[in-house]
Engineer: 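Here it is, the structure in full.
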Amino acid sequence: MNQRSLIDRKAGSRLPPDFFRRDVLLVAPELLGKILVVRSAAEIPERFMINETEAYRGVEDKACHASKGRTERTDVMFRTGGRIYVYLIYGMHWMLNFVTGPANEPQAVLIRGVEGYNGPGRVSKVLGIDKSFYGEDLNISERIWIEDNGDKVSVKTGKRIGIDYAGEKWVNKPWRFFL
DNA sequence: TCATTGATTTCA
DNA sequence: GAAATCAATGAT
């Protein structure tokens, strides 16, 4: 029971802190094929391979929440990469993001899909992600982290989804990455 | 294609 | 304070 991952992915090694401190446009595609590990209380870790991400980059990216300035909600994006940014959209869906880049350079990767569960709302639902994960440090957390098990994948790119309000310049950026 | 749903942000 | 907004999903 509670083994919701379709494939029993083998354990890998946790990604080093430096992985998340690089530019989001490097981190987002490289997260594909990596293993998202979640451990709820007193259960064995569940492993899901990441198969779709989107990059949100800096205050100049109108699709990035941080473009509106540093607020209580977006604060974690201005911190050093490696933490989790979660927020509620449409009153019902938690979005799971990983903060990347150096401090004071707000960037984040939205996890749009893991194997078997495409769509960012479904990802957080099956993983049990909610506001309690806001600011969680992927480098030290005991309930969520990312592993590299050495699998190689081929990456495709496309336009980001659901950001028409950001204007054509940003809508057309090929900042969605998938397998 | 449309209803759902509530935190965050914006406008007074 | 109140009103509008919104990186989506699932049912119809």
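Convention: sequence-line order gives letters A, B, ...; per-chain numbering from 1.
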Engineer: May I ask you to decide whether A/E54 forms a salt bridge with A/R112, counting only side-chain N to carboxylate O separations under 4.0 Å?
Structural biologist: yes
Engineer: Using a heavy-atom cut-off of under 4.0 Å over every strand shown, decide if A/R122 touches base, sugar-phosphate, or nothing.
Structural biologist: sugar-phosphate
Engineer: Would you say A/E115's side chain and A/F48's backbone share a donor-acceptor pair under 3.5 angstrom?
Structural biologist: no
Engineer: Can you tell me the pairing partner of B/dA7 across any strand shown, Watson-Crick or G-U wobble, with both distances under 3.5 angstrom?
Structural biologist: C/dT5
Engineer: What is the separation between atom CD on A/E54 and atom C1' on C/dA8, rounded to the nearest whole Å?
Structural biologist: 12 Å
Engineer: Which nucleotide sits closest to the side chain of A/I89: B/dT4, C/dG10, C/dC6?
Structural biologist: C/dC6
Engineer: If you check every side-chain atom of A/L88, which of B/dA7, C/dT9, C/dA8 has the closest atom?
Structural biologist: B/dA7
Engineer: Please report, rounded to the nearest Å, how far the P atom of C/dT9 is from the OH atom of A/Y117.
Structural biologist: 15 Å
Engineer: Taking only the side-chain nitrogens and oxygens of A/T71, find out if one of them lies under 4.0 Å from OP1 or OP2 of B/dT9.
Structural biologist: yes
Engineer: Taking side chain as C-beta onward, heavy atoms only, is A/T74 less than 4.5 Å from A/K68?
Structural biologist: no
Engineer: Without decimals, in angstroms, what is the distance between A/Y56 OH and C/dC6 P?
Structural biologist: 13 Å
Engineer: Any Lys/Arg nitrogen of A/D137 or A/R79 sitting under 4.0 Å from an Asp/Glu carboxylate oxygen of the other?
Structural biologist: no
Engineer: Go through C/dG10, C/dA8, B/dT9 for me and flag the one nearest to the A/R73 side chain.
Structural biologist: B/dT9
Engineer: Are the charged groups of A/K159 and A/D164 less than 4.0 angstrom apart, N to O?
Structural biologist: no
Engineer: Return no unless some side-chain N or O of A/K68 is found under 4.0 Å from OP1 or OP2 of C/dT5.
Structural biologist: no
Engineer: Between C1' on C/dC6 and CD1 on A/I161, what's the gap in Å once rounded to a whole number?
Structural biologist: 16 Å
Engineer: Side chain of A/K131: nearest nucleotide among C/dA8, B/dT8, C/dT9?
Structural biologist: B/dT8
Engineer: Measure the distance from NE2 on A/H65 to C1' on C/dC6 and round it to the nearest whole Å.
Structural biologist: 7 Å
Engineer: Would you mind reading off the distance between A/M95 atom CE and B/dA7 atom C1', rounded to a whole angstrom?
Structural biologist: 13 Å
Engineer: Between A/W94 (CH2) and C/dT9 (P), how many Å, whole number?
Structural biologist: 15 Å
Engineer: Please work out if A/L110 contacts a base, only the sugar-phosphate, or nothing of the nucleic acid, heavy-atom cut-off 4.0 Å.
Structural biologist: base
Engineer: Can you measure A/K125 atom NZ to C/dT9 atom P for me and round it to whole angstrom units?
Structural biologist: 11 Å
